[in-house]
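Inspection log for the structure reproduced underneath, given as structure tokens.
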There are 2 protein chains.
Amino acid sequence: MEYQEAKDKFISTWGSLGSLWGINKAMAQIQALLFISTKPLSMEEIMEDLKISRGNTSMNLRQLMDWGIVTKTLVAGERKEFFTTEKDVQELARIVAVERSRREIKPVVKVLDEVSSIKDDGTAKTKELIKQTKALHELTETMDVMINKLVNQKQNWITKSLLKLFK
Amino acid sequence: MEYQEAKDKFISTWGSLGSLWGINKAMAQIQALLFISTKPLSMEEIMEDLKISRGNTSMNLRQLMDWGIVTKTLVAGERKEFFTTEKDVQELARIVAVERSRREIKPVVKVLDEVSSIKDDGTAKTKELIKQTKALHELTETMDVMINKLVNQKQNWITKSLLKLFK
DNA sequence: ATAAACTTTCAATAATTATTGAAAGTTTAA
DNA sequence: TTAAACTTTCAATAATTATTGAAAGTTTAT
């Protein structure tokens, strides 16, 4: 496999994985492109390489910056903006985990808490709703705590966690 | 909040969470409905409760069965089929984790392995591609091992894991 | 065998989500 | 200032994904 083929394969795989995880394709592909780039890229270069429009590139770069995965970099002597992504995989994974916790898990925990706190009117169906959503609430909250715990180990968190689990 | 409102809120939240995670809305809603039901439900009842068509119900029930989350149950004296979902949250989480590992993570690990194994032609961009995809490969594989490790503790795996991590 | 009761399939359609591109907005250099 | 260089916004459109519903398929009881 040649460089170009490998590159395309990586970008497209990362893109479809992204959309499977609620991150849109272009966003994932831009990140992938920056991830394997040896230097910061301009909007122009990204558009050209991925064959996507200026508008699309602009919007998705913004989202990536909102996630804290991509940052603007100044390139000496250049007027236009250049972009880079976090290059350390562990730090990348940390950011993604924290963001997903904040955006997706926490709101669900809140709803589960509300739903499981309704007044028990004594009927079987109400009891079941309360019981099951309580269990789900507890699970989701535990998972969230776990993620945040894992992720706050900073240095080498994945390896450290793995070791603990294997004991 | 009354029973019906709480039920609707739970089902719709679970539904949108589902679509955020690459599971379609109807599929997640059917599972949610079964999860809080006090008895097995027929296709008829599911259709009616969620206001979705027969075809949609049939297809999504099949998917839920493929995932191993929903099972057909025979109800004495009834000809039609009835459905139930796994009611234990920890077991449910285990099944989902194993399935996602199989369906999503493993194929990506494979691609990353292929891409990171291309011949190093000495250019900077090839070196960078290899380096970064290798790092991603290692990360993804470690995470996959971690998930499978977590999940194979069977009994009370989440609590057990949390304890280990807190030490 | 037949027909009623039920489930599945799948082409057509609807709903949702992503993408474009050009106009509006902003920044910088001279 | 002004105008060129650049970025953002957003209504229109395209692409994708989900849903319907009716015909075809299957099972069961008689």
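All chains are named by letter (A, B, ...) in the order of the sequence lines, taking the proteins before the strands, and each is independently numbered beginning at 1.
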Can you tell me if [X] and [Y] form a side-chain donor-acceptor pair at under 3.5 Å?
{"X": "A:K25", "Y": "A:S16", "answer": "no"}
{"X": "A:N148", "Y": "A:D144", "answer": "yes"}
{"X": "A:T85", "Y": "A:Q31", "answer": "yes"}

Spacing of [X] atom [atom1] relative to [N] atom [atom2], expressed in whole Å:
{"X": "B:L64", "N": "C:dT7", "atom1": "CG", "atom2": "C1'", "answer": "16 Å"}
{"X": "A:R62", "N": "D:dT7", "atom1": "CZ", "atom2": "P", "answer": "14 Å"}
{"X": "A:M47", "N": "D:dA5", "atom1": "CE", "atom2": "C1'", "answer": "14 Å"}
{"X": "B:E81", "N": "D:dT28", "atom1": "CD", "atom2": "P", "answer": "9 Å"}
{"X": "A:L61", "N": "D:dT9", "atom1": "CG", "atom2": "P", "answer": "13 Å"}
{"X": "B:Q29", "N": "D:dT19", "atom1": "CD", "atom2": "C1'", "answer": "13 Å"}
{"X": "A:K51", "N": "C:dA18", "atom1": "NZ", "atom2": "C1'", "answer": "19 Å"}
{"X": "B:N60", "N": "C:dT7", "atom1": "CG", "atom2": "P", "answer": "15 Å"}

TODO: Linking directly or through intermediates, with side-chain heavy atoms under 4.5 Å: list the remaining ILVMFWY members grouped with B:F82, chain and number order.
DONE: B:V75

Task: Linked hydrophobic residues, A:I147 as query - side chain contacts closer than 4.5 Å - done: A:I105, A:V109

Open item on the list: How close do A:K39 and A:S37 get, counting heavy atoms only, and between which atoms?
Closed with: O-OG, 2.5 Å

Open item on the list: So, OP1 or OP2 of D:dT19: does either fall under 4.0 Å of a side-chain N or O from B:N24?
Closed with: yes

Open item on the list: Just N and O in the side chain of A:S58: are any of them under 4.0 Å from OP1 or OP2 of D:dT8?
Closed with: yes

Task: Any pair counted as ring-ring contact (aromatic ring centres under 6.0 Å, His included), so long as it reaches residues 3-42 of chain A, sequence neighbours left out - done: A:F10-A:W14, A:W21-B:W21

Task: Quiz item: cation-pi between A:R100 and A:W67, 6.0 Å / 45° - done: no

Task: Minimum-distance nucleotide (side-chain atoms of A:K80 versus C:dT19, D:dC6, D:dT19) - done: D:dC6

Open item on the list: From the set C:dT7, C:dT19, D:dT9, return the single nucleotide nearest to any side-chain atom of B:M43.
Closed with: C:dT7

Task: DNA chain C stem ranges, 3 or more consecutive Watson-Crick or G-U pairs under 3.5 angstrom - done: C:1-30 with D:1-30

TODO: Scan A:E44 against the nucleic acid and name what it touches under 4.0 Å (heavy atoms): base, sugar-phosphate only, or nothing.
DONE: nothing

When you compare the protein's N or O atoms with those of nucleotides 21-27 of chain C, which come within less than 3.5 Å of each other, and at what distance?
residue : atom : partner : partner atom : Å
C:dT27  : O2   : A:R79   : NH2          : 2.9

- [ ] Using heavy atoms to find the nearest nucleotide of DNA chain C for B:M65 and A:I23 separately, return the residue whose nucleotide is more 5′.
- [x] B:M65

Atom pairs and distances, donor-acceptor, side-chain atoms in residues 58-65 of chain A, under 3.5 Å, two or more places apart:
residue : atom : partner : partner atom : Å
A:N60   : ND2  : A:N24   : OD1          : 3.1

